[in-house]
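One structure is given here, and the rest of the page talks about it.
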Amino acid sequence: KDLFVDDSGKEEKKKTANETPASLPPGWTVEVRGRSTAYVSPDGMTHFSTLAKVQRYHKQQMALAERFQQQQQRHAEAKKREKEKEALEQKQKQRQGGASGGEPPAAKGGNGSGGGGGEA
């Protein structure tokens, strides 16, 4: 009996809630229990008694998500700059290492042949 009465009440209340679908954020549902109306978030964890509270909460969540997205973007850009800097430093080390790497073997070879020739 309770289910039947609740179902008919829900249908009646949903019609009035559907009159303002633009004001209810996407995914939110309206639950009617007797005389009380509850606005339920898409995940089912958050309930509010008024549409104004839903809109305020949704606005706060959207602002939070936007700040998080900006933070993630800044972090990704900083990481990219860091990798580019490391790559540039590696190239510079290779250039320096290639020049200095070529010189010591020639110096060692010169010293080794000169020293070996003197001893023989």
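The basis for the numbers below is simple: all heavy atoms, side chains too, and nothing from hydrogens, waters or symmetry mates. What you are looking at is a predicted structure, and each value in this text was computed from that prediction instead of being measured.
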Closest heavy-atom contact between P42 and P26? CG-O, 3.9 Å
Distance in Å, W28 CH2 paired with L51 CG, rounded so as to fall on 0.5 Å steps: 10.0 Å
With a cut-off of 6.0 Å (strictly less than), are more than 12 heavy atoms of other residues, nucleotides or ligands near CD of Q69? no
E77 and K79: salt bridge (Lys or Arg N to Asp or Glu O under 4.0 Å), yes or no, with the steps? CA-CA 5 Å; E77 289 170 359; K79 203 169 186 179; over 6 Å; no
Donor-acceptor pair, Q55 side chain versus S23 backbone, under 3.5 Å? yes
Rounded to the nearest 0.5 angstrom, the OG1-CZ distance for T50 and R56 is 6.5 Å
Gap between atom NZ of K85 and atom CD of E82 - 0.5 Å precision: 8.0 Å
Non-hydrogen side-chain atoms of S41 and H47 separated by less than 4.5 Å: no
Can you tell if the side chain of T37 reaches within under 4.5 Å of the side chain of V30, non-hydrogen atoms only? yes
Could you walk me through whether V40 and T46 satisfy the side chain to side chain contact (heavy atoms under 4.5 Å, CB included) test, starting with their C-alpha distance in whole Å, then the side-chain angles of each, then the deciding distance to 0.1 Å, before giving a yes or no? CA-CA 6 Å; V40 184; T46 308; over 6 Å; no
Donor-acceptor contacts, no H, no angles, side chain residues 59-67, under 3.5 Å, sequence neighbours left out:
none

